[in-house]
Amino acid sequence: MPYKLLFVCLGNICRSPAAENIMNHLIVQANLSKQISCDSAGTAGYHIGNPPDERMTITAAAQLGIKLRGHARQFKKSDFETFDLILAMDAANYQDILALDPTGQYQNKVRLMCEFCANYSLKEVPDPYYGGPENFSLVIDLLLDACNGLLQHVSSKCAKGSIVKDKS
Ligand code: 4NP
């Protein structure tokens with residue numbers, strides 16, 4: 001069973017699909033596709049079924065040469081069980097996720113994406129939806145930094161080809 005990562009933003013059309021696809025790109029490069037898998041979701045349901053936002057797709061292609069795949073879905077309670085680590089893009093996403101876990105039993109599985117940044121000191125991945133090209137560009141740079149840190153974190157859990165999972 002692979003170690004399962006879930007990236008979560010508000011709409012699941014800008015930040016979290018970019019995070020999912022950048023992480024997949026790094027996982028393939030590191031030859032860890034069998035060990036780590038990725039998905040993404042939004043806390044809101046506004047864009048269910050939609051592909052990633054074209055502005056995000058264009059920026060990811062220009063800066064990293066990758067295509068963004070996927071269709072938006074909404075975060076659901078069963079995701080707490082399905083996934084090993086849930087990465088929230090900003091503090092509002094983090095609170096909205098934890099609001100679905102009133103007893104706090106899955107709290108240790110939920111982290112802020114920027115905790116894994118090495119080069120950026122921003123604490124959140126800013127919502128680019130109402131912004132311009134520079135906002136989308138920052139999202140890609142920030143996510144690449146965080147995904148590299150996250151890959152190190154998850155690979156360090158690899159022991160003799162398998163992954164040691166945290167308790168819920
Ligand atoms: P995301 O960006 O959370 O990074 O996918 C947004 C997408 C849609 C909206 C807001 C943010 N919206 O208000 O529809």
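All ligand and atom numbering here is 1-based and tracks the order in the structure.
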Determine whether the aromatic ring centres of residues F75 and F80 are separated by less than 6.0 angstrom. yes

Before signing off on this row, confirm whether [X] and ligand 1 have an N or O atom pair separated by under 3.5 Å.
| X | value |
| --- | --- |
| C9 | no |
| Y46 | no |
| P128 | no |

Under 4.0 Å between heavy atoms, the region of D53 that gets near ligand 1 turns out to be neither

So if I count the atoms of ligand 1 from 1 in the order they appear, which ones are less than 4.0 Å from some heavy atom of [X]?
| X | result |
| --- | --- |
| C14 | 1 (P), 2 (O), 4 (O), 5 (O) |
| Y130 | 13 (O) |
| D127 | 2 (O), 6 (C), 10 (C), 11 (C) |

Do NZ/NE/NH1/NH2 and the carboxylate oxygens of R15 and D90 come within less than 4.0 Å? yes

May I ask you to decide whether R73 forms a salt bridge with D79, counting only side-chain N to carboxylate O separations under 4.0 Å? yes

Using a 3.5 Å cut-off and no angle test, enumerate the donor-acceptor pairs between side-chain atoms of residues 116-132 and protein atoms at least two apart in sequence or in another chain.
{"residue": "N119", "atom": "ND2", "partner": "D145", "partner atom": "OD1", "Å": "3.4"}
{"residue": "E124", "atom": "OE2", "partner": "A91", "partner atom": "N", "Å": "2.6"}
{"residue": "D127", "atom": "OD1", "partner": "Y129", "partner atom": "N", "Å": "2.9"}

On a heavy-atom basis, which atom in L143 and which in A18 lie closest, and how many Å separate them? CD1-CB, 3.7 Å

So, does H47 sit close enough to ligand 1 that a heavy atom of it is under 4.0 Å from the ligand? yes

Close side-chain approach of L100 to L98, heavy-atom, < 4.5 Å: no

Quick one: does N21's side chain get under 4.5 Å of R69's, heavy atoms only? yes

Can you tell me which residue and heavy atom of the protein come closest to atom 7 (C) of ligand 1, and the distance to 0.1 Å? Y129 CD1, 3.4 Å

